[in-house]
Amino acid sequence: MSFKSLGLSEPILKAIQKKGYETPSPIQAKAIPPVLEGKDVLASAQTGTGKTAGFTLPMLHYLSNNPHPKFRPIRALVLTPTRELAAQVFENVKEYSEFLDIKGAVIFGGVNQKPQVSKIKQGIDILVATPGRLLDLKNQGLLSLKHIEIFVLDEADRMLDMGFLRDIERVMKLMPNKRQNLMFSATFSKDIKKLAYSILNNPVQVEATPENTAVEIIEQKVYRVAKGKKTGLIIKLISEGNWQQVLVFTRTKHGANKLTKKMVSAGITAAAIHGNKSQGARTKALAGFKSGKIRVLVATDIAARGLDIPLLPHVINFELPNISEDYVHRIGRTGRAGAEGQAISLVSADETTYLAGIEKLIGEKIEMEIVDGFEPDPNASTEPIKPGQNRGRGGNRNSGSRNTGGNKNSNRNRSRNRSRNRNSN
Ligand code: AMP
């Protein structure tokens, strides 16, 4: 299967070649043909599957081959839940349309609207937007959606999680009834299906490779640790492993800030990215992280959603998410495009139930390890590993961080023993 055989035009193929893509990803191979045929599409795909090109490439093909006869109205709208995702989708639009006469703009809140408005006034074909700023500019009479021919709802599940349902409904009323609709979502709850039913007409359903395939190529590991020792352990792992690009997840914004400060004090360049940060700070942090200036990016789930960071070698869950599916989303950021990745979780006693839920979801026990000096708190009531059961580790007492190194087999055995111990408790 090649991009050419999908029927995309030469200028688009040239841009794809420039990006270095050789073959379409599964979601692209499945979604591009029906989108080119003008059909509505409901796609099950998360970030990392190549879904953005999956809708952008055929959209560009259509718009460039069917220019508006009189002027340049906004003809395609991509709605995304977060500012970061909007910026990244727009970045892709620009790259893929480099050799086409297509113009686009991106709008989101938290920044001055003036440059966004002036870009729209110059005439654009594609608008990438978050719901709030879109409705805001529409209410000020600064844009019109009357000529929309293609509507893309990206990360629909996260849209609903973030409470955007009413806004989506408002946006729908501003567009003509006759249009093509594409909806992407990583999960399909009852509410998502209801939304899909209200937006899409007789959609073709496509699915990316099941999430488990991605999970299989990621080396996963759990470090059991006392809650109060997590910061020390994460600093040790990053320093001694000499990890240069690490995405760390915390459950709260406050936690993200606190951890970032401690890392910086320990001499590790780090930045936090979450909803309370200004857009400028977030963009700067992400750019620094991508360029290698910042080693550690500490993020909350919502802020990290949609971040396009290819080939991420290390993801660390400083805290486990309480929703098991979020674990799969988080670790899906490593091991992309066939590259190997490592996903590590620091788990304290009070997270035992979350861990059990995650292991049930992914259908496997995650390899477990304890680092000397960073043992779990034996007094914590939900702690499944009793001190007496750690004997196998005794000989390593002074070697500490060697546990984190290459001796995979013995780690695996240890992990198996631990699992057994855990099961017998
Ligand atoms: P997405 O799921 O759209 O966020 O894309 C994830 C990453 O995969 C991005 O860094 C894309 O540039 C990259 N990508 C998309 N399509 C392909 C492809 N066909 N071959 C290789 N990389 C791709």
Side-chain angles (χ1 to χ4, degrees), residues 1-8 12-33 35-36 41 43-61 78-98 104 106 126 128 152-159 182-187 206-211 213-215 217-218 245 247 286-287 289-292 297 299 301-313 315 328-341:
M1 169 78 70
S2 66
F3 280 106
K4 198 173 175 152
S5 68
L6 292 174
L8 295 164
I12 296 177
L13 295 175
K14 199 170 151 189
I16 294 170
Q17 200 179 15
K18 196 170 166 190
K19 281 286 280 179
Y21 302 168
E22 283 167 8
T23 47
S25 70
I27 194 73
Q28 290 162 1
K30 288 181 199 167
I32 292 174
V35 180
L36 283 176
V41 170
S44 152
Q46 64 179 98
T47 297
T49 55
K51 68 181 166 70
T52 316
F55 62 79
T56 309
L57 300 176
M59 181 167 87
L60 288 171
H61 181 97
V78 183
L79 213 52
T80 77
T82 64
R83 306 178 255 192
E84 278 79 17
L85 186 60
Q88 279 160 20
V89 169
F90 180 58
E91 215 31 62
N92 283 330
V93 168
K94 275 199 299 198
E95 286 170 343
Y96 301 141
S97 64
E98 186 183 344
V106 60
I126 302 173
V128 184
V152 182
L153 189 63
D154 199 8
E155 301 205 343
D157 47 353
R158 195 50 60 143
M159 288 270 193
L182 316 175
M183 182 167 146
F184 288 77
S185 189
T187 56
V206 296
E207 217 179 303
T209 329
E211 285 174 354
T213 316
V215 172
I217 59 162
I218 300 166
Q245 202 183 33
L247 179 61
L286 188 58
F289 185 60
K290 280 187 173 180
S291 73
L297 192 65
D301 282 296
I302 286 189
R305 182 81 182 183
L307 286 186
D308 178 15
I309 309 161
L311 304 180
L312 200 56
V315 168
V328 179
H329 287 310
R330 287 180 179 188
I331 72 164
R333 305 187 163 280
T334 177
R336 280 195 190 168
E340 278 195 23

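One-based numbering, in listed order, for ligands and for the atoms of each.
Residue nearest to atom 18 (C) of ligand 1, selected from F55, Y21, Y96: Y21 (by heavy-atom distance). In the candidate list G50, A29, A45, G50 is nearest to atom 5 (O) of ligand 1, counting heavy atoms.
Ligand 1 has no nitrogen or oxygen under 3.5 angstrom from a nitrogen or oxygen of P24. An N or O contact shorter than 3.5 Å links T49 to ligand 1 by distance.
The proximity of Q88 to ligand 1, defined as any non-hydrogen pair under 4.0 Å, does not occur for either the backbone or the side chain. When heavy-atom distances to ligand 1 are checked against a 4.0 Å cut-off, F3 comes that close only through its side chain, counted from C-beta outward.
The shortest heavy-atom distance from T23 to ligand 1 is under 4.0 Å.
A distance of 9.5 Å separates OH of Y96 from CG of L60, quoted to the nearest 0.5 Å. Rounding to the nearest 0.5 angstrom, the gap separating the CD1 atom in I12 from the NZ atom in K4 is 13.5 Å. Atom OG1 of T52 and atom CD of E95 lie 11.0 Å apart (nearest 0.5 Å). How far CZ of F3 is from CG of L8: 7.5 Å, rounded to the nearest 0.5 Å.
Taking every heavy atom of T52 and a limit of under 4.0 angstrom, the matching atoms of ligand 1 come to 1 (P), 3 (O), 4 (O). Under a 4.0 Å criterion applied to the non-hydrogen atoms of S25, ligand 1 contributes the atoms 19 (N).
Taking a cutoff of 4.0 Å between a charged side-chain nitrogen and a carboxylate oxygen, E98 and K19 do not qualify as a salt bridge.
For the side chain to side chain contact (heavy atoms under 4.5 Å, CB included) with Q88, the qualifying choice from V106, V93, L286 is L286, the only one to do so.
Heavy atoms from other residues, nucleotides or ligands lying under 6.0 Å from CD of Q17 number 12 at most.
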